[in-house]
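In what follows, a single structure is set out as structure tokens and then discussed.
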Amino acid sequence: MKKITVIGGDSRIKIASEILTGYGYQVSVPESPGDEDLAQSDVLLLPVPTTRDGETLFAPNIKKKIYLKDIARRTPDDTLILSCNYMFDGKNCIDYGKNDAYCLLNAVPTAEGAISLAIEKTPFTLWGSRVLVIGCGRVGRILASRLKALGCRVTVSARKASDFALISASGCYAAKTSEIKKHLNCDIIFNTVDVKVIEDEDFAACTANLIVDLSSKGGFDIAAAEKYGITATKAPGLPGKTAPQTAGEILARSVHEIITENI
């Protein structure tokens, strides 16, 4: 029986731990893991995201700070560390945040959470609204398809010709991300890219009632948008907030597949 030690995270990793126990793993969830917890584990499962500051573990329910360098120092070299959007150099580590299956499935609760947020923060229906989705990655594609199904007039920005073709084939309008300022005449904007694509001065011509930033680093300056009377919000970690059960199930399934393939 493989032993998994789970550290940090929010409600979704708690749910994932319960499901992994049902899969037949011996799962331990210590609040403050000791050397024995780490030494006797086959797998160390870290949260989504593993860190938000690059130094400490994302652990909102634990009062004591847990430093990543201490985890690396105390974890045996043969233990499989499963992290999200962070890599431990020189360790047996897999970043499940870059696992295609996990990212694609996790894009679904992210998209649904973004739509829920838009419904809550706008005084009009999504049906008939002009919506701009910046980025044609996993989240952007799934979000655009669901917005289209709700009756939105959807424009999706991309950089590659193949993405433009995919966008058009799905019944949405295609725009070049490099020319995004030409497409700010809309009601709602969802950003999914990690580089600044809307310059501060571009908001002067923006008609959006709401801008939601789903990226980790940010595609625009929230204060600059609000200066022009636009409601702007950053929405990280939506799956854990709006659909923790599904997010936990997706994480557990992905972890099980990774362990099966690598141990």
Using every non-hydrogen atom in the two residues, find where Asp194 and Ser215 come nearest and quote the distance to one decimal. OD1-CB, 3.1 Å
Could you note down all residue pairs passing side chain to side chain donor-acceptor pair (under 3.5 Å) where residues 166-180 supplies at least one of them, sequence neighbours left out? Ser157-Thr177
Please examine the side chains of Leu143 and Ile115, heavy atoms only from C-beta on, and report whether any two atoms are closer than 4.5 Å. yes
Side-chain contact test, heavy atoms from C-beta onward, threshold under 4.5 Å: evaluate it for Arg130 versus Thr207 and give yes or no. yes
Would you give the length of the straight line joining atom NE2 of His183 to atom CD1 of Ile189, rounded to the nearest 0.5 angstrom? 11.5 Å
Distance col, row Ile81:CD1 vs Cys93:SG, nearest 0.5 angstrom, shows 5.5 Å
Side-chain contact, heavy-atom cut-off 4.5 Å: Pro109 with Ile250? yes
Look at the aromatic rings of His256 and Tyr23 and report parallel, tilted or perpendicular, splitting at 30° and 60°. tilted
Heavy atoms only: give me the nearest Tyr86-Thr51 pair and the separation to one decimal. CD1-CG2, 3.7 Å
Under the rule for side chain to side chain contact (heavy atoms under 4.5 Å, CB included), what residues qualify as partners of Leu238, not counting sequence neighbours? Ala114, Leu214, Ala235, Thr242
Sorted by chain and number, sequence neighbours left out, side-chain hydrogen bond (donor to acceptor under 3.5 Å, both in side chains) with Ser129 holds for none
For residues Ile222 and Lys234, determine if any side-chain heavy atom of one lies less than 4.5 Å from a side-chain heavy atom of the other. yes
Nearest 0.5 Å, what's the CG-NZ distance between Leu251 and Lys14? 15.0 Å
Yes or no on side chain to side chain contact (heavy atoms under 4.5 Å, CB included) for Ile167 and Cys136, after CA distance, side-chain angles and deciding distance? CA-CA 8 Å; Ile167 293 165; Cys136 192; 3.9 Å; yes
Tell me, do Phe124 and Ile188 make a side-chain contact under 4.5 Å, heavy atoms counted? yes
Glu36, CD atom: more than 12 neighbouring heavy atoms under 6.0 Å: no
dist Leu46:CG -> Thr75:OG1 (nearest 0.5 Å) comes out at 8.0 Å
I'd like to check Phe220 versus Ile134 (side-chain heavy atoms, cut-off strictly below 4.5 Å). Are they in contact? no
Student check: side-chain heavy atoms of Tyr25 and Val255 closer than 4.5 Å: no
Quick one: does Pro239's side chain get under 4.5 Å of Thr110's, heavy atoms only? yes
With a 4.0 Å cut-off, would you call Arg138 and Asp100 a salt bridge? yes
For Asn92 and Thr79, run side chain to side chain contact (heavy atoms under 4.5 Å, CB included): C-alpha distance rounded to whole Å, both residues' side-chain angles, the deciding distance at 0.1 Å, then the answer. CA-CA 6 Å; Asn92 181 20; Thr79 299; over 6 Å; no
Drop me the distance from Glu55's CD to Lys69's NZ, to the nearest 0.5 angstrom. 7.5 Å
From CD (Glu249) to OG (Ser254), nearest 0.5 Å: 11.5 Å
